Structures are given as structure tokens and as C-alpha cells.
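It should be emphasised that the depicted structure is a prediction, and the values quoted were computed from it without experimental measurement. Residue numbers start from 1 in every chain, and the chains themselves are labelled A, B, ... in the order their sequence lines are given, proteins ahead of strands.
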Amino acid sequence: MATKQKRYEAIVNALSTDLYRYAYWLCRDPNIADDLVQETFLRAWRAIDSLKDEKAAKAWLITILRRENARRFERKQLDIVDIDDYQVADQISQSSEQIMENQILHKHIANLAEEYREPLVLQIIGGFNGEEIADLLNLNKNTVMTRLFRARNQLKDAIEHANRDRGLYNG
Amino acid sequence: MDDLEFRRKLYASPQDLDKDTQDAIAADPAKARFADDMLQFDQEIAKAMKIDAPDQLKERLILRQTLFQHRLEKRRARRHIAIAASVAFAVGVGLTMLNTAPTNHNIADYALAHLHHEISLLNKDDGNVSLTKVNAKLMDFSVQMSALPGRIIAADYCRFDGIQGLHILLDDNGGKYTVFVFPKDRLLESQPIFGDNEFLGLTSAHGDIQLVVIGKKDEPVADVSKQIQDTLNWTI
């Protein structure tokens, strides 16, 4: 097995971006997300010997991050985030139409209730299936699938509504 | 498969469809279009979700871990010199005590446990070693002392963890001090101040050596340490 250092660097390189994205969609604040990721990886470094299989690294990190996020609430660091203040990532080389749609979607994803937003992010960014999400969130699989359904349903409704408002609906 | 069930499946997990759903899609062009729509929508959601990570996140995560590890190693090294000093102290005070003591696998633990007990032996020791003798032994460390405060009770080589040093016992105005001279490059880091509720130890670096002076907390350890430091001079 590679040295601790090499293992750690490998998981940073492979997973830190997605972990950040998950953290961002969980707390909806880029600075808090950054802090969460830093703390998560530090704990991961300390506990890296307990990671037996690199394939389990992503789920392992998500679990650590969820715990870190929970601690944030225990410490009463509830940050009330203004939805309209979300920093949308720079989007280079996209038409203004695309950028607009992206921003609208971004806003609606952020607007989803956490119980719908979290499974969706785990599915789309994390690439986890229903069973894996159920494990990560301590829910049963049916509940997870229902929440995923509702998440997409709400997003689709929101987009269609927005398109209608912009006169793009050809209904 | 009825429409409701089909819709639920496509909305819950459009990219991971079971066989029944795939069959339903193959059999019905309307369902196929719906499936395409949902996949397309998922791509848009993915694009919106895939925000950029902050600047140099990877580099910062690796740097932070490196610094954390470095700090951890420094802390371990500091403990090393503090324990080593205590060990040498115990060894210097009375070898006989070690022989009669209960067996202990870790000499550092043993020494720490007996450190306070053995200080009483110092009071019985009325040796008087000349500065010349001390300097003869100090030649091994390429350093000399032009003077030493008080009476030199003993000056012996000591060895622990593969490092050879010299320890000197002093009695200055009734206060007992233990002085160590170690070669500098054998030690990773040393803590400038260490101690427990009875003793105080001060470490200083000079040229190729480290100087450690330990005394009782209520004694002027800093003064004695300074005096000794001022006497140091270098041999060729």
C-alpha cells in the first residue's frame, strides 16, 4: 500500500472538487463549504489508516463531511444564507441564454428543501445509486427514491414556470 | 408498465433504469422521448451543480496536511528531548537505584517515575570535579567552558537513544542543577522551556551543540543557564 502521504494526495486529487460541490450544495455558502472540506480532509488524514479500500473513499469522505456539518449546527453556527446572494460559478464560453438557464437552475436547486436537495446531489455529483444514498443518509431506499422523484419534479416545475414567464413556453 | 409508475422511475433515477423500464422505453416511442427529455434535463442539472471549486483547493488541502504533520513531528521531538533529559538526570544521579528498581520496559517511563525519588541522592553526593576534567570531556563536543557556577559534583558521559552527551551536576549556592551538552544534529527539535511541577528545564543552541540546564522550579535556572552559556567557547 502506498505511503500515507501518497494515499492522502491521491484522494485529494480525485475527490476534493466533488466533495466541495457536495459541501456547497449542503450549506449553500462557498466559504462555509471550503471550511467544511478543510476540516473533513484533516480528519481524513488523521484517520486514513482506517480506510481499507480506496473505492470506499468517496462515501467515507461524505460521511465525515456530514458529521462535520452536523457539528456546525451543534456549535450554533447557523448561517442564514440569502438565496439571492448565491455566488454562481464563472461560466466561460456559454451563450448568455445558457448562462441564464444555468443560473435559474442553480437558484432552484439551492431552493430545494435539504431533504430533497441532498439525495439529488449525492446521485448526480456523487454518482451514488439509491441503495448507497440510503446508506449514507440512514434512510430506507423507498424514502430515498421518493425524495429523488420529488426533487426532480420540483425542479422541472420550477423551470417550466420560469420558461413560461420568459415567454419560451410553447405549450 | 403504467404511466404513473414509469414517470416515477424516470424522475427518481433517469440514468439508472431497471430492465422493465428499459423494455417499456424500447416498446413505446413516446416513452423513449420522455426518457430522452429526462436525461437531457439531468445533464442541465449536472451542469448547474458542477460549480467551480475555490482557487487551489487541492494545493491548500495538501499543504495543510503537510503543516499539520510537521507540527506533530515537532511536538513529538520536543517530548523526546524532555524525556531524554529526564532519563539522563535519573541515570546520572544513581545507577544503583536503577538496579534495585522494578523492571520496566520503557526507560523513559521508568526515569520519569523515579526522577523525583532520586533527587535525594544528590544531597549525599559530595564529589568535586575540576573544570579541567570537565573540559577534557567537553573536547568530544568541540566546546569548552571557561568557568562553571558553583561546585561541580560530577561530569559523566551519558547515552540514551543512541545519542551520546555529557551531563554535569552542579551545586550552586545549595541549588542543584543538571547540565547536558548534546551534539546539535542528533536532535530534531528541542523545546526552549520544559518541565513539570517540580523541575524547570531550559534548552539553548550554540554552534554545534545544544545546552540543557535543569533545576528546581524555585531556583534561578535561567540565570544559571545564562552564566553557563556565557562561558562557552569553541575549540578548533
| query | In Å, rounded to the nearest 0.5 Å, how long is the span from OH of Tyr11(B) to CG of Leu155(A)? | reply | 10.0 Å
| message | In the structure I gave you, are the side-chain heavy atoms of Thr17(A) and Leu57(B) within less than 4.5 Å of one another anywhere? | response | no
| query | Is the number of heavy atoms from other residues, nucleotides or ligands under 6.0 Å of Asp53(A) CG greater than 12? | reply | yes
| Non-hydrogen atoms of Met145(A) and Ser13(B) that approach each other most closely | CE-CB, 3.8 Å
| note | The interface call for Lys156(A) against chain B, heavy-atom contacts under 4.5 Å, is both
| Centre of Phe149(A)'s six-membered ring, under 6.0 Å away, within 45 degrees of the axis: is that where NZ or CZ of Arg8(B) sits? | yes
| said: Between Gln38(A) and chain B, with a heavy-atom cut-off of 4.5 Å, which part of the residue counts as in contact: side chain, backbone, both or neither? | reply: both
| message | Between Asp18(A), Ile159(A), Ile109(A), who has the most heavy-atom pairs with chain B when the cutoff is under 4.5 Å? | response | Ile109(A)
| task | Among His108(A), Arg147(A), Glu39(A), Arg150(A), single out the residue with the greatest number of heavy-atom pairs under 4.5 Å to chain B. | result | Glu39(A)
| said: Just so I understand: if I count every heavy-atom pair under 4.5 Å between each of Arg60(B), Lys58(B), Gln65(B), Arg64(B) and chain A, which residue has the most? | reply: Gln65(B)
| task | Could you have a look at Leu42(A), Leu19(A), Thr146(A), Val144(A) and say which one has the most heavy-atom pairs with chain B under 4.5 angstrom? | result | Leu42(A)
| Heavy-atom distance under 4.5 Å between the side chains of Arg152(A) and Leu10(B), does that happen here? | no
| Minimum heavy-atom distance between Ala53(B) and Tyr20(A), given as atom pair plus value | CA-CD2, 3.8 Å
| query | So do Leu61(B) and Tyr8(A) actually touch side chain to side chain, heavy atoms under 4.5 Å? | reply | yes
| query | Nearest heavy-atom pair of Ala48(B) and Leu105(A): which atoms, and what distance? | reply | CB-CB, 3.9 Å
| field | Backbone of Ile51(B) reached by a side-chain donor or acceptor of Arg21(A) within 3.5 Å | value | yes
| task | For the residue pair Leu120(A) and Met49(B), establish whether any side-chain heavy-atom pair is separated by less than 4.5 Å. | result | yes
| task | Say whether, by atom type as modelled, one donor and one acceptor occur between the side chain of Gln15(B) and the main chain of Ile124(A) under 3.5 angstrom. | result | no
| request: Answer yes or no: does atom NZ of Lys226(B) have more than 12 heavy-atom neighbours from other residues, nucleotides or ligands under 6.0 Å? | output: no
| Heavy-atom contact with chain B under 4.5 Å, split by part of Asn153(A) | both
